[in-house]
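Written out below as structure tokens is the structure these notes cover.
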Amino acid sequence: KTVIKLTDIEKVYQTKTIETVALHNINIAIRKGEFVSIMGPSGCGKSTLLNIMGLLDEPSSGTIEIDGASVKSYSDKVLARLRNEKIGFVFQSYHLINDLSVTDNVELPLLYRSMAGSERRKRALAALEKVGLSARTKHFPNQLSGGQRQRVAIARALAGQPEIILADEPTGNLDSVMGNEIMDILLRLNEEEQTTIVMVTHDELMAKKTERLIRLFDGSQVS
Ligand code: ADP
Ligand code: ADP
């Protein structure tokens, strides 16, 4: 089963004076349960590609299908709901809210759903348990290490029970010990729960642990 399909994707950023072709002729199908990494030099289009897969950014042309349905005609509202229900995001810089507790951060994506507060709390705590942070639920992000913060961000992605996790350099701000911990969590989610994961990374060792590697160069796929 194909969960994300990109066909002939082109992305051009246009400013007053310059036009940048960020992606050119991209054709990628991500199957359910795959763990795919995306590599390539800085500026080659990795974040743009991930943002397009995650419906955060629109391509200039081409088709995006999620679970076999083109999203082209969807309103912003429908896109936002699809994103909230199907996709979990993990970013290099965590994007946690510092004046919310760990549990409240993890509950955030669930606020957009009609769900009782007790159910939200239950799901958040279950997600925190999966990333080994049950002992830190009442802490605040600035009381945690980088690796722990990233685990909170992964729990936040998991709380929504997404089909797909999109991770943009999830280990990029971490030393190798903490980076490996994060990678082990992602590998375990992929293996045990068949969560589909697409990860941008600069790290060949991390990429080697995944099933498939897509290389970008200057906006084009080279493998
Ligand atoms: P990577 O993630 O591989 O570093 P990006 O996807 O961030 O690459 O960027 C790809 C190209 O698109 C780069 O040349 C970058 O300068 C350009 N770009 C990215 N975002 C914008 C934007 N909002 N406006 C104009 N150009 C952009
Ligand atoms: P950085 O490499 O600076 O750490 P990130 O990987 O954190 O960047 O973010 C990648 C892109 O996703 C950025 O363009 C950012 O604006 C966007 N982004 C980050 N967090 C969110 C979010 N919660 N919702 C929508 N877009 C986001």
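Remember, it's a predicted structure, so these values are computed and weren't measured experimentally. Just follow the structure's listing: the first ligand is 1, and inside any ligand the first atom is 1.
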Discussion item. Whether the side chain of Thr196 engages the backbone of Gly33 through a donor-acceptor N/O pair (distance < 3.5 Å, no angle test) should be reported.
Written reply: yes

Worksheet item: Does a side-chain N-to-carboxylate-O contact under 4.0 Å join Glu191 and Arg188?
Response: no

Response to the item:
atom 16 (O) of ligand 1 sits nearest the protein heavy atom Thr20 CG2, 4.9 Å

Fill in: Protein contact of atom 22 (C) of ligand 1 - nearest heavy atom, named by residue and atom, plus distance
Tyr13 CD2, 3.4 Å

Worksheet entry | Proximal ligand 1 atoms for Thr48, defined as those under 4.0 Å from one of its heavy atoms | 5 (P), 6 (O), 9 (O)

Worksheet, complete the sentence: ligand 1 to Lys46, heavy atom cutoff 4.0 Å, flagged ligand atoms 1 (P), 2 (O), 3 (O), 4 (O), 6 (O), 8 (O)

Item to complete: Using side chain to side chain donor-acceptor pair (under 3.5 Å) as the criterion, point out the one residue from Arg121, Arg123, Arg156 that pairs with Glu107.
Response: Arg121

Worksheet entry | Polar contact flag for Cys44 and ligand 1 (N/O pairs, less than 3.5 Å) | yes

Worksheet item: Are there protein heavy-atom neighbours of atom 26 (N) of ligand 1 below 4.0 Å?
Response: yes

Practice prompt. Using heavy-atom distances, let me know which of Ala22, Gly219, Gly43 sits nearest atom 4 (O) of ligand 1.
Written response: Gly43

Worksheet item: Should the ring pair Phe89 and Phe91 be called parallel, tilted or perpendicular, given that the plane angle runs from 0 to 90° and is split at 30 and 60?
Response: parallel

Worksheet entry | Ser60 side chain to Val12 backbone, donor-acceptor under 3.5 Å | yes

Discussion item. Within the protein, is there a heavy atom lying under 4.0 Å from atom 13 (C) of ligand 1?
Written reply: yes

Worksheet item: What atoms of ligand 1 come closer than 4.0 angstrom to any heavy atom of Ser42?
Response: 4 (O)

Worksheet item: Judged by atom type as modelled, is there a donor-acceptor pair below 3.5 Å linking the side chain of Asn105 to the main-chain atoms of Ser101?
Response: yes

Worksheet item: Applying the 4.5 Å side-chain criterion to the ILVMFWY set and letting contacts propagate, would Leu216 and Ile28 be lumped into a single cluster?
Response: yes

